[in-house]
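See structure below.
Counting from 1, the numbers follow the sequence of the chain as shown.
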Amino acid sequence: MNDSEKQQVIDLLNNIMEVELAGVVRYTHYSLMVFGYNRIPIVSWLKGNANEGLVHAHKAGEMVTLLGGHPSLKVGPLLETRKHDIGDILRESLDHEKAALALYYKLLHLAEGKSVLLEEYAREMIAQEELHLDEVDKMLRKPGDVKPFDS
């Protein structure tokens, strides 16, 4: 990987880190805004997502320093719609997860044939994000609906 390609990867990893940190803030906020009968399991799930986002951000930062870069101190874009219905929260979560997944696919494309470590990291993160997207998709479906959620 030449210096220009390495810098592209570092920039992308920093972008991934920023998006994952935005997810930490987002899921933490959502966990505070859930009310009603199902509050406890939903809050627990949202807190778990916040913790997972922090782990993902840390992994991206580790990859930045591995490549000789400087990890970003920025947090990605935050959206406050003031809509806190569980369906709204899940749809916003779905959009956030899709954006993160797209960044990991971009990383895989940049790393292919240049770094097995980065390829494997990107594949691992893609697998995790796709499973998470599936989980959110299933939560958005009506009971018994086997077709993917259509926003």
Side-chain angles (χ1 to χ4, degrees), residues 1-34 38 40-81 86-141 145-151:
M1 187 177 299
N2 66 37
D3 288 343
S4 174
E5 292 168 330
K6 188 184 289 189
Q7 190 58 53
Q8 268 189 292
V9 170
I10 290 170
D11 291 345
L12 180 56
L13 286 165
N14 270 323
N15 189 217
I16 287 169
M17 190 174 166
E18 293 165 9
V19 167
E20 292 289 5
L21 288 172
V24 172
V25 173
R26 178 187 302 257
Y27 284 120
T28 300
H29 173 77
Y30 292 156
S31 75
L32 299 169
M33 298 307 299
V34 174
N38 292 319
I40 292 171
I42 294 170
V43 167
S44 177
W45 182 79
L46 290 166
K47 284 180 175 180
N49 285 341
N51 290 334
E52 182 180 281
L54 189 55
V55 169
H56 289 183
H58 190 265
K59 282 183 179 180
E62 288 289 356
M63 290 293 152
V64 168
T65 58
L66 179 140
L67 294 169
H70 187 269
S72 175
L73 276 172
K74 296 178 187 173
V75 175
L78 295 169
L79 171 69
E80 171 56 272
T81 62
I86 300 304
D88 293 325
I89 288 171
L90 290 173
R91 282 185 289 279
E92 288 176 22
S93 174
L94 195 65
D95 290 341
H96 171 75
E97 296 299 334
K98 285 179 181 178
L101 180 62
L103 293 174
Y104 287 115
Y105 269 108
K106 187 174 179 181
L107 177 62
L108 178 60
H109 176 73
L110 287 176
E112 279 181 318
K114 297 178 180 118
S115 169
V116 171
L117 175 67
L118 288 171
E119 281 184 50
E120 291 304 312
Y121 162 71
R123 283 188 174 92
E124 174 190 344
M125 300 311 296
I126 288 167
Q128 288 182 28
E129 295 294 341
E130 285 187 351
L131 287 172
H132 188 71
L133 270 171
D134 180 61
E135 188 174 58
V136 175
D137 177 85
K138 288 175 181 172
M139 290 172 74
L140 282 164
R141 296 180 200 174
D145 192 354
V146 295
K147 292 181 183 176
F149 175 75
D150 183 27
S151 55

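- Side chains of V9 and L118 form a contact here, defined as non-hydrogen atoms less than 4.5 Å apart.
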Verdict with reasoning, E20 to H58, per side-chain hydrogen bond (donor to acceptor under 3.5 Å, both in side chains): CA-CA 9 Å; E20 292 289 5; H58 190 265; over 6 Å; no

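- With respect to the salt-bridge test (charged N to carboxylate O, under 4.0 angstrom), the residues R91 and D95 do not qualify.
- The main-chain N or O of G113 is found under 3.5 Å from a side-chain atom of E119 such that the two form a donor-acceptor pair.
- No side-chain donor-acceptor contact under 3.5 Å links R26 to the backbone of L78.
- For T65 (side chain) and G68 (main-chain N/O), no donor-acceptor pair under 3.5 Å exists by modelled atom type.
- Judged by distance alone, the side chains of E18 and N14 never bring a donor and an acceptor atom under 3.5 Å apart.
- Between I126 and L107, the closest side-chain pair of non-hydrogen atoms is not below 4.5 Å.
- Of all heavy-atom pairs spanning H132 and E52, the tightest one is ND1-OE2, 4.3 Å.
- Between the side chains of Y104 and Q128, no donor N or O sits under 3.5 Å from an acceptor N or O.
- P71 and G61 get closest at one heavy-atom pair: CG-O, 4.1 Å.
- Within 6.0 Å of atom CG in N2, more than 12 heavy atoms from other residues, nucleotides or ligands are found, so the atom counts as buried in its surroundings.
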V19 vs N15, side-chain contact (heavy atoms from CB on, under 4.5 Å): CA-CA, chis, key distance, verdict: CA-CA 6 Å; V19 167; N15 189 217; 4.2 Å; yes

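- Under a 4.0 Å N-O distance rule, the pair K59/E124 qualifies as a salt bridge.
- At distances below 3.5 Å, not a single donor-acceptor pair connects side-chain atoms of R123 with backbone N or O atoms of L108.
- No donor-acceptor pair under 3.5 Å is formed between the side chain of E130 and the backbone N or O of A127.
- Distance alone, capped at 3.5 Å, is enough to place a donor-acceptor pair between the S31 side chain and the T28 backbone.
- When side chains are defined from C-beta on, I16 does not count as touching M125, because their heavy atoms never get closer than 4.5 Å.
- No side-chain heavy atom of M139 sits less than 4.5 Å from a side-chain heavy atom of F149.
- The side-chain heavy atoms of V24 and V75, taken from C-beta on, include no pair separated by under 4.5 Å.
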Residue pair T81, D88: steps toward the side-chain contact (heavy atoms from CB on, under 4.5 Å) verdict: CA-CA 9 Å; T81 62; D88 293 325; 5.7 Å; no

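- For the pair N49 (side chain) and Y27 (backbone), a donor-acceptor distance under 3.5 Å is absent.
- Scanning all heavy atoms of the two residues, the minimum distance from K74 to L21 falls at O-CD1, 3.9 Å.
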